[in-house]
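Chain identifiers are assigned alphabetically (A, B, ...) following the order of the sequence lines, protein sequences preceding nucleic acid strands; residue numbering begins at 1 within each chain. What you are looking at is a predicted structure, and each value in this text was computed from that prediction instead of being measured.
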Protein chains: 2
Amino acid sequence: MKNNIKELRNAIKLTQGDLAERIEVSRQTINAIEKGKFDPSLPTAFRLAAVFNCTIEELFIYES
Amino acid sequence: MKNNIKELRNAIKLTQGDLAERIEVSRQTINAIEKGKFDPSLPTAFRLAAVFNCTIEELFIYES
DNA sequence: TTATATTGTAAAGTTTGCTTTACATTCTAA
DNA sequence: TTAGAATGTAAAGCAAACTTTACAATATAA
């Protein structure tokens, strides 16, 4: 699953570390999600969408 | 995290087994999600929303 | 009432999301 | 150009999502 986190994060000038702190995950988790190494859990996806003030559907691109 | 799966599933007259087949998870997984035993993965949440023709935000109620 | 469908639940095992620690690489500003 | 900030990545370990098998409980229909 792809996502727009890196772009949106840069748009509001947050580092991976900042974002990690905000949603209470590790910096490595943010890095891994941005790089597509794994998908976030549903709660983590909700918190990410909240930071960027968008929907989960806007943030993640699901491909069956 | 709570959800409206059971209601929406009954509304379109699907059994837990039917729904499980449709999104390619086990029946026990559907049961566990409906009963709130655990949250689905993000891909599973996307597939569920697709079945009910709604958004993830409409299907799941996130409480911080 | 009885058969059958549906739902609930349990145990054991696999995979994946996430952590911590640690270090290497790439930016960016002085 | 060099220091420090930001990012990338790896390994070991834990917890949660999900599987299969199996059986018990509850609906529903004949």
| field | Distance, rounded to the nearest Å, where B/Gln16 contributes CD and D/dT26 contributes P | value | 15 Å

| query | Can you find a pair of side-chain heavy atoms, one from B/Ile30 and one from B/Arg27, that are under 4.5 Å apart? | reply | no

| query | Where the side chain of A/Ser26 is concerned, which of D/dT7, C/dT20, D/dT21 is the nearest nucleotide? | reply | C/dT20

| note | Side-chain atoms of A/Lys35 come closest, of D/dT9, D/dT21, C/dG8, to D/dT9

| message | With nearest nucleotide decided by heavy atoms, which residue, B/Asp18 or B/Pro43, maps closer to the 5′ end of DNA chain C? | response | B/Asp18

| Presence of B/Thr44 side-chain N/O under 4.0 Å of D/dA17 phosphate oxygens OP1/OP2 | no

| message | So, does A/Arg9 get its side chain near the phosphate of D/dA6, meaning an N or O under 4.0 Å from OP1 or OP2? | response | no

| query | Nearest-Å distance, CD (A/Glu21) to C1' (D/dA5)? | reply | 15 Å

| note | A/Lys13 atom NZ is separated from D/dT7 atom P, nearest whole Å, by 12 Å

| query | Would you say A/Asn4 and A/Ile61 make side-chain contact, with heavy atoms under 4.5 Å? | reply | yes

| request: Give a yes/no on whether any side-chain N or O of A/Asn31 is located under 4.0 angstrom from OP1 or OP2 of D/dT7. | output: no

| field | Any A/Ser41 side-chain N or O less than 4.0 Å from OP1/OP2 of C/dC18 | value | yes

| task | Find the distance A/Gln28:CD to D/dG13:P and express it as a whole number of Å. | result | 17 Å

| task | Output yes when A/Arg47 and A/Glu24 qualify as a salt bridge under the 4.0 Å nitrogen-oxygen rule, no when they do not. | result | no

| note | B/Ile5 CD1 to C/dT7 C1', in whole Å, measures 15 Å

| message | What I want to find out is whether A/Lys2 reaches A/Glu63 closely enough, with some N-O distance under 4.0 Å, to be called a salt bridge. | response | no

| task | Please report, rounded to the nearest Å, how far the C1' atom of C/dC18 is from the CG atom of A/Leu42. | result | 15 Å

| query | A/Asp39 versus B/Pro43: any side-chain heavy-atom pair under 4.5 Å? | reply | yes

| field | Per A/Arg27 side chain, nearest of listed nucleotides C/dA22, C/dT9, D/dC18 | value | C/dA22

| field | Distance, rounded to the nearest Å, where B/Glu34 contributes CD and D/dA17 contributes P | value | 16 Å

| request: Quickly work out the B/Ile23 CD1 to D/dA17 P distance and round it to whole Å. | output: 14 Å

| query | Taking for each residue the nucleotide of DNA chain D with the nearest heavy atom, is it A/Lys37 or B/Pro40 whose nucleotide lies nearer the 5' end? | reply | A/Lys37

| request: Would you classify B/Thr29 as touching base, sugar-phosphate or nothing, given that sugar-phosphate means primed atoms plus P, OP1 and OP2, and contacts are heavy atoms under 4.0 Å? | output: base

